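See below for the structure under consideration.
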Amino acid sequence: RGPLGSDRYDSELTHIVTAAPQARPEGRGAVVTVPWVRNERAASAGLKTTSYADNVIALAYAKERGAVEAIFANTRGELCEATGSNVFVVVDGVLRTPPLDSGCLAGITRELVLEWCREDGLEVIEEALPLDVLTHADEVFLTSSIKDVFPIAVIDDRQLAAPGPITMRVREVWARHEAQGIDP
């Protein structure tokens, strides 16, 4: 129990944790960009919260269009994240992902991909990317605890060969490191 309204400072909140088996996603999927943005300056930017209204609406929008995920820009028009995943793109043979100041969640899988790929000599750049990078990126994949490294074959109406060679390499890096133990 907690107090009514937004005042949580002096209350003793009840914490609820649930666990349930999750089906593994297909081998690749489609995403759509949504007309709504993440506010990279919000008090909750980069936090994983139970305030999922924006995600629910965006994911429903994606599902109505046959996609498995929805991609958000931030208020600056930069690529940010998906509803429950981080986004990586390959441009000119280089793996790139938005930096945390884009407002994206500092996902565990994202961080491990960055760490493990760099350990294995794969160049990965964290940089601000315009949302329209999705219109010309050679490869795109998502990362999350459920999806691991998930190739994207369709962005809006644009077809991509997925998984591409860099994505395949990242998946191999992921599988090798993941096989070494469940505690990264």
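Please read all numbers here as calculations on a predicted model, not as lab measurements. The analysis underlying the following values was restricted to heavy atoms, covering all of them including side chains, and did not include hydrogens, waters or symmetry mates.
No continuous path of hydrophobic side-chain contacts links Phe150 to Ile166 [ILVMFWY only; heavy atoms under 4.5 Å]. A single hydrophobic cluster is not seen to contain both Val154 and Val68; linkage of ILVMFWY side chains at heavy-atom distances under 4.5 Å, directly or through other members, places them apart. Each of Phe141 and Val91 belongs to its own hydrophobic cluster when Ile, Leu, Val, Met, Phe, Trp and Tyr are linked at side-chain heavy-atom distances under 4.5 angstrom. Note: the hydrophobic cluster containing Leu129 also contains Leu142 (ILVMFWY, side chain heavy atoms under 4.5 Å, direct or indirect links). Note on Leu134 and Val31: same hydrophobic cluster, where clusters join Ile, Leu, Val, Met, Phe, Trp and Tyr whose side-chain heavy atoms are under 4.5 Å apart, directly or indirectly.
Shortest non-hydrogen contact noted between Cys80 and Ala73 is CB-C, 3.9 Å. When every heavy atom of Pro151 is checked against every heavy atom of Pro163, the shortest pair comes out as CG-CB, 3.7 Å. Closest approach of Thr75 and Glu40 over heavy atoms only: OG1-OE2, 2.6 Å. Closest non-hydrogen pair, Ser102 versus Leu79, comes out as CB-O, 4.0 Å. What you find for Ile71 and Ala82 is that their closest heavy atoms are CD1-CB, 3.9 Å. In terms of heavy atoms, Ser145 sits closest to Thr109 at N-OG1, 3.4 Å.
Using a 4.5 Å heavy-atom threshold, the side chains of Glu178 and Asp148 count as touching. Two residues are said to be in side-chain contact when any heavy atoms from C-beta on lie closer than 4.5 Å; Leu122 and Val170 meet this criterion. The shortest side-chain heavy-atom distance between Glu69 and Leu59 falls under the 4.5 Å cut-off. Taking 4.5 Å as the limit, every side-chain heavy atom of Glu111 sits out of range of all side-chain heavy atoms of Ile108. Using a 4.5 Å heavy-atom threshold, the side chains of Met168 and Glu139 count as separate.
Note on ring orientation: taking the six-membered ring where Trp is involved, the planes of Trp36 and Tyr61 are perpendicular (angle over 60°, cut-offs 30° and 60°).
For CD of Glu26, the number of neighbouring non-hydrogen atoms (other residues, nucleotides, ligands) closer than 6.0 Å is 12 at most. More than 12 heavy atoms of other residues, nucleotides or ligands sit less than 6.0 Å from atom CZ of Arg171.
In this structure, CG on Leu114 lies 4.5 Å from CZ on Phe88, to the nearest 0.5 angstrom. With rounding to the nearest 0.5 angstrom, the NE2 atom of His177 is 9.5 Å from the CG atom of Leu112. Note that the CG atom of Asp157 and the OG1 atom of Thr135 stand 13.0 Å from one another [nearest 0.5 Å]. Interatomic distance, Asp92 CG to Asp138 CG, rounded to the nearest 0.5 Å: 7.0 Å.
Here the side chain of Asn74 pairs a donor or acceptor atom with the backbone of Arg76 at under 3.5 angstrom. Counting only distance, with no hydrogens or angles, the side chain of Arg118 and the backbone of Val124 share a donor-acceptor pair below 3.5 Å. Of the possible donor and acceptor atoms, one in the side chain of Thr97 sits under 3.5 Å from a partner among the backbone N and O of Val87. A distance-only check finds no donor-acceptor pair linking the side chain of Arg38 to the backbone of Phe72 [under 3.5 Å].
When Ile155, Thr167, Val90 are each tested for a side-chain contact (heavy atoms from CB on, under 4.5 Å) with Leu160, only one passes: Ile155. Checked against Arg110 for a salt bridge (Lys or Arg N to Asp or Glu O under 4.0 Å), the options Glu126, Glu81, Glu115 give a single hit: Glu126.
Side-chain contact of Asp156 with Thr33: a donor-acceptor pair under 3.5 Å is present, judged by distance alone.
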